[in-house]
**Student:** 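My structure is below; once you've seen it, I'll send some questions.
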Amino acid sequence: MTTNDLPVIAAVDGSTHSRQALDWATREAVRRGLPLLIVHVRPLARQVDEETGRREAEALLAESVRRSALIAPELRPSTLAPLDFPSAALVSLGRDASMIVVGSRGLGGFRSLMIGSNSLATASMASCPVVVVQDDRPEGTDDRGADADAFTDIVAGVAADESSEAVLEFAFATAASRPGARLRIVHGWTMFSSMLAGGPVLDRQEAAGSAARTLAELTSGWHEKYPQVEIVREPVNGSASRTLVTASATAALTVVGRRKGGESLGLGLSPVAQTAVTHALGPVAVVPC
């Protein structure tokens, strides 16, 4: 299987949030022309016998396949029900996936938490992009078709270094799969960050010009690769996190990066990625870079 054939993984557990993740993953698989793998991880800690757990998993996966077929009858999803810790199983499966799509909270999640522990752990450790689908509708609400394509903009938060390459690749590919989508590229800067980068330290107007040039250089060449994508560059003086959260309210997807290398040490997301994942008003993709 080539990298162009790696599946979109949809993690399901029967919660409203995971059903929303399944719907999003189904549409994304169709847009990108990728297979869909629906995964239900049977938790090791659950106090049920193996046969009962297996039957419950089969029923949930069958229901998930039917739901997916209502959106994209042409898809033929595969299913999997490993017995493991949820985040551990998803991180392992992510080594051979184009992306993992999870709900912001699972069954039993506290409504006071903006993101569940399994979703956060998967986004922090997976080797492929992880999309966290936020959904604030009440449990039991069925809204497969509601405003699924209401917003088309893709928003990407980038840093002024080579770590943004993977973020831009994922963001451009996502925008290219949505006809008419714009890609808004956000780069936050402050006088302090300008000083650290060797730029202007006293003149705010010069620092703003330097940030704009940095963003232009960072994104040069991408239009040639994706000529169909309209690019909007947004150098922002101040908090990139706040800008991304605000922009997420009218975005089909917000894309942020996560630096590789800290997984074995238990390191989590950067402050910008953490804020985007926990406070965004729409789906967020966390891309390892």
Side-chain angles (χ1 to χ4, degrees), residues 1-10 21 23-36 68 71-75 97-101 128-134 145-188 211-236 240 243-244 246-258 276 280-289:
M1 184 176 286
T2 68
T3 54
N4 292 330
D5 298 323
L6 295 178
V8 174
I9 292 179
D23 295 350
W24 197 97
T26 298
R27 294 185 178 98
E28 193 65 15
V30 171
R31 290 188 184 100
R32 293 179 180 248
L34 293 173
L36 177 66
S68 177
I71 295 172
E74 68 275 22
L75 272 182
S98 63
M99 71 184 76
I100 300 169
V101 185
C128 69
V130 175
V131 177
V132 180
V133 178
Q134 305 282 357
D147 295 327
D149 298 306
F151 305 117
T152 59
D153 279 2
I154 306 300
V155 176
V158 297
D161 57 34
E162 68 281 355
S163 69
S164 294
E165 191 79 6
V167 172
L168 288 170
E169 178 61 56
F170 187 85
F172 269 98
T174 303
S177 70
R178 290 165 163 78
R182 299 187 310 167
L183 176 56
R184 298 173 56 190
I185 305 174
V186 176
H187 168 57
R213 289 190 296 273
T214 296
L215 185 55
E217 292 169 5
L218 197 65
T219 56
S220 65
W222 287 98
H223 184 66
E224 287 71 22
K225 187 174 182 180
Y226 294 98
Q228 72 274 43
V229 176
E230 179 185 351
I231 304 170
V232 180
R233 297 175 178 86
E234 300 182 18
V236 176
T243 301
L244 290 171
T246 300
S248 72
T250 55
L253 182 67
T254 302
V255 186
V256 295
R258 170 184 65 78
L281 304 172
V284 177
V286 180
V287 180
C289 52

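FYI, the numbering just counts along the sequence from 1.
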**Student:** I need the I9 CD1 to S98 OG distance, nearest 0.5 Å.
**Tutor:**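 It is 8.0 Å, given to the nearest 0.5 Å.
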
**Student:** Between atom OH of Y226 and atom CZ of F172, what is the distance when rounded to the nearest 0.5 Å?
**Tutor:** 8.5 Å

**Student:** Do the side chains of C128 and I100 get nearer than 4.5 Å, heavy atoms only?
**Tutor:**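 Yes, side chains in contact.
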
**Student:** List the steps, then state whether side chain to side chain contact (heavy atoms under 4.5 Å, CB included) holds for R258 with V286.
**Tutor:** CA-CA 6 Å; R258 170 184 65 78; V286 180; 3.7 Å; yes

**Student:** Show the nearest heavy-atom pair for residues G257 and C289, with the distance to one decimal.
**Tutor:**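 Heavy-atom minimum between the residues: CA-SG, 4.0 Å.
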
**Student:** Given side chains that start at C-beta, do those of W24 and L253 come closer than 4.5 Å, heavy atoms only?
**Tutor:** yes

**Student:** May I have the step-by-step check of side chain to side chain contact (heavy atoms under 4.5 Å, CB included) for R178 and Q228, ending in yes or no?
**Tutor:** CA-CA 10 Å; R178 290 165 163 78; Q228 72 274 43; over 6 Å; no

**Student:** Distance from L244 atom CG to E234 atom CD, nearest 0.5 Å?
**Tutor:**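 Going from CG on L244 over to CD on E234, the span is 9.5 Å.
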
**Student:** Side chains of T219 and R233: closer than 4.5 Å at any heavy-atom pair?
**Tutor:** yes

**Student:** Between CD1 of I154 and CZ of R182, what distance do you get to the nearest 0.5 Å?
**Tutor:** 11.0 Å

**Student:** Once rounded to the nearest 0.5 Å, what's the spacing between atom CG of L281 and atom OG1 of T250?
**Tutor:**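 Here the interatomic distance stands at 9.5 Å.
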
**Student:** What is the minimum heavy-atom distance between A21 and V101, and which atoms define it?
**Tutor:**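 Closest pair (atom of A21, atom of V101, distance): O-CG1, 3.5 Å.
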
**Student:** Looking at every non-hydrogen atom in both residues, tell me the closest pair between A249 and F151 and how far apart they are.
**Tutor:** O-CE1, 3.5 Å

**Student:** What is the minimum heavy-atom distance between V229 and A181, and which atoms define it?
**Tutor:**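 Minimum heavy-atom separation between V229 and A181: CG1-O, 4.3 Å.
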
**Student:** Which heavy atom of V284 sits nearest a heavy atom of V256, and at what distance?
**Tutor:** CG1-CG2, 4.1 Å

**Student:** Closest approach of A280 and S248, non-hydrogen atoms and distance?
**Tutor:** CA-OG, 3.5 Å

**Student:** Are any side-chain N or O atoms of S164 and backbone N or O atoms of A159, one a donor and one an acceptor, separated by less than 3.5 Å?
**Tutor:**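 A pair under 3.5 Å: yes.
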
**Student:** For the pair H223 and I231, evaluate side chain to side chain contact (heavy atoms under 4.5 Å, CB included) and give the outcome as yes or no after the intermediate values.
**Tutor:** CA-CA 8 Å; H223 184 66; I231 304 170; 4.0 Å; yes

**Student:** Could you please spell out the steps behind the side chain to side chain contact (heavy atoms under 4.5 Å, CB included) verdict for R32 and T174?
**Tutor:** CA-CA 8 Å; R32 293 179 180 248; T174 303; 2.4 Å; yes

**Student:** State the OG1-CG distance between T26 and L36, to the nearest 0.5 angstrom.
**Tutor:** 5.0 Å

